[in-house]
Number of protein chains: 2
Amino acid sequence: MAQAPLGDSEFDRDTAVTLREPGVYDTRLSPGWTIINALNGGYLQAVVGRALGDALPHPHPLTLTAHFLTPSKPGAAMIRTETVRSGRTLSTGQASLLQYEDDGSQVERIRVLASYGDLDTLSDDVRTTAEPPALPPAERCPSAADHPPPGPGDFSLLDRFDMRIDPATAGWAVGAPSGKGEIRGWFTLADGRAPDPLSLLLTVDALPPTAFELGLQGWTPTIELTTHIRRAPAPGPLRVAISTRNLAGGYLEEDAEVWDSADRLVAQSRQLARVPRG
Amino acid sequence: MAQAPLGDSEFDRDTAVTLREPGVYDTRLSPGWTIINALNGGYLQAVVGRALGDALPHPHPLTLTAHFLTPSKPGAAMIRTETVRSGRTLSTGQASLLQYEDDGSQVERIRVLASYGDLDTLSDDVRTTAEPPALPPAERCPSAADHPPPGPGDFSLLDRFDMRIDPATAGWAVGAPSGKGEIRGWFTLADGRAPDPLSLLLTVDALPPTAFELGLQGWTPTIELTTHIRRAPAPGPLRVAISTRNLAGGYLEEDAEVWDSADRLVAQSRQLARVPRG
């Protein structure tokens, strides 16, 4: 696959931010990251994460929480950042993604709170008991782009990835959901751009919702998404496993694990979402 | 056990906040919630959570994220809240816990971002695949207060709870950690005060750190803690299970699940913490 260099890839172009004044950034949200009727939350999180990485003294998000307030639209947006604390190994920042409504009023789309550090300075100790997800080879996994989610809508997002879903967890795509809240797959950006800490903020929210494998259809709006970036990923395809253990009271959590080609657990995330009405 | 009524319990007295002006609250942090050399993060989270519950139009935290910036001290503190968004079923707010240093300078201790709702209005549907932790009866579990963490320090916190640790996960207390990053136990407030959504913010951070069962000793500073409150807990003892699957690069995640006496998964949390030096 062609390897788009970092900095000149769809992901880098579409998450680019421009400094307007200290702590304030302009960006343009690309319609290419739309799924059904909204921009993907992982994409939006990556845009804000890039601005925070520029505003804070440390480069990499170690833990980033985003609360999704109103639906973002393709087009112009502004990110206001605040440096909450600057420490030696960690800095904490907050950011708001803002857009203008047609009536000229400014509306906040996302509020983010995050702590940044430098993943390149972490020690090499690994005492991880978690195991990478067991996945068939990518060539034996159907492409997510060939199996858009049920129902109408815009599936541009699927063209941004080479995403291969484990057939054992893709029953929803053929009308036979497993009833287990698990989906696993291979993930690479469509233009072959290598993963990095920023793109992991996208990857944790890229798979189809676990609700599909629970037999639920329709939109699963994310209320809050927290991502821990634990290590800079090695080049090569990522393996992503998402799971839901507690669907109750109209809400569900969705956990994601991302493993790199060196078998390292590079990201863990959890989101709280509304159960689809469907 | 005596049942301290809600509102007149250690927990309620020590997390009380007083409105100073719209959105701003005064409180007094109690030394009784100190462990080793710092106030417990769950206690601090509950204090801020109470202020947000008063400031926001919805009463219960559904998802609350706290970033711990500087060590809080017993004594006077102030909470500044901001209402980020008010919706029909959810409202989002932010809060800062502030204290004055001896030199008179004001320092931020904790920054919180949370979305609140009304747990009493949630639907009754439950499709949870998670199972409650298997625990021996409480009377066969040693009291955590009888097994303070290794090393010197102030263990006042342990007197606030009737906490019984599953012997299978208490090896650290007798110098024989299991090597598995799991600790399970029974949890009740010492004065019998019934659990509620606010006290769950404390409970998720009340057990000894999983690092102890991984053979590590010393202080495990929390960087960020996110808690989902999924249901108002039924009266009676809670079962808490905490686990760590990824210890690497000097950091670890610690997940907590809290189950109520009706076998409902009432809270899920995850924190990112530093690996103890010990």
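Every chain is numbered from 1 and lettered A, B, ... according to where its sequence line falls, protein lines coming before strand lines. Just so it is clear, the structure is predicted and the values come from calculations on it, not from any experiment.
For A:Leu119, no part sits under 4.5 Å from any heavy atom of chain B, backbone or side chain. Only the side chain of A:Thr226 comes within less than 4.5 Å of a heavy atom of chain B; its backbone N, CA, C and O stay farther away. For chain A, the nearby parts of B:Leu214 are the backbone and the side chain; heavy atoms of each come within less than 4.5 Å. Proximity to chain B (any heavy atom under 4.5 Å) is restricted, for A:Thr244, to the backbone atoms N, CA, C and O. For chain A, the nearby part of B:Ile223 is the side chain; its heavy atoms alone come within less than 4.5 Å. For a residue to count as touching a neighbouring chain, one of its non-hydrogen atoms must lie under 4.5 Å from one of that chain's; by this rule A:Arg230 touches chain B with the side chain only. In this structure, the portion of A:Gln271 lying under 4.5 Å from any heavy atom of chain B is its backbone and not its side chain. Contacts between A:Gln268 and chain B at a heavy-atom distance below 4.5 Å involve backbone atoms as well as side-chain atoms. Heavy-atom distances place the backbone of A:Ser269, and not its side chain, under 4.5 Å from chain B. Of the atoms belonging to B:Thr92, it is side-chain heavy atoms, and not backbone ones, that fall under 4.5 Å from chain A. The contact between A:Glu253 and chain B is made by backbone and side chain atoms together, counting heavy-atom distances below 4.5 Å.
Counting heavy-atom pairs closer than 4.5 Å to chain A, the top residue among B:Glu131, B:Arg127, B:Lys180 is B:Arg127. The choice from A:Asn246, A:Thr70, A:Leu265, A:Thr128 that makes the most heavy-atom pairs within less than 4.5 Å of chain B is A:Asn246. Among A:Leu113, A:Leu122, A:Val112, the residue making the largest number of heavy-atom pairs under 4.5 Å with chain B is A:Leu113. Heavy-atom pairs under 4.5 Å with chain B peak, among A:His228, A:Arg85, A:Glu108, at A:His228. With chain A as the partner, the residue from B:Thr121, B:Asp124, B:Leu252 showing the most heavy-atom pairs under 4.5 Å is B:Leu252. Of the listed residues (A:Gly87, A:Ser115, A:Gly179), the greatest number of heavy-atom pairs within a distance under 4.5 Å of chain B belongs to A:Ser115. Contact tally against chain A (heavy-atom pairs below 4.5 Å) for B:Val126, B:Asp255, B:Thr63: the top residue is B:Thr63.
To the nearest 0.5 Å, the span separating CG on B:Leu225 from CZ on B:Arg270 amounts to 11.5 Å. If you take OH on B:Tyr116 and CG on B:Leu90, they are separated by 12.5 Å, rounding to the nearest 0.5 Å. Between the CG atom in A:Leu272 and the CG atom in B:Leu64 there is a gap of 12.0 Å [rounded to 0.5 Å]. Taken from OG in A:Ser96 to CG in A:Leu69, the straight-line distance is 8.0 Å, to the nearest 0.5 Å. Here the CG atom belonging to A:Leu202 is positioned 10.0 Å from the CG atom belonging to A:Leu44, to the nearest 0.5 angstrom. Between the OG1 atom in A:Thr81 and the CG atom in A:Asp54 there is a gap of 8.5 Å [rounded to 0.5 Å].
In this structure, A:Glu257 does not pair ionically with A:Arg264, as no charged nitrogen and carboxylate oxygen lie closer than 4.0 Å. A salt bridge links A:Arg111 with B:Glu82: the closest approach of a Lys/Arg side-chain nitrogen to an acidic carboxylate oxygen falls below 4.0 angstrom. Salt bridge B:Lys73/B:Asp102: absent, no basic N to carboxylate O contact under 4.0 Å.
One side chain, A:Thr227 or A:Gln45, offers a donor N or O that lies under 3.5 Å from an acceptor on the other. A donor-acceptor pair shorter than 3.5 Å cannot be found between the side chains of B:Glu182 and B:Thr169.
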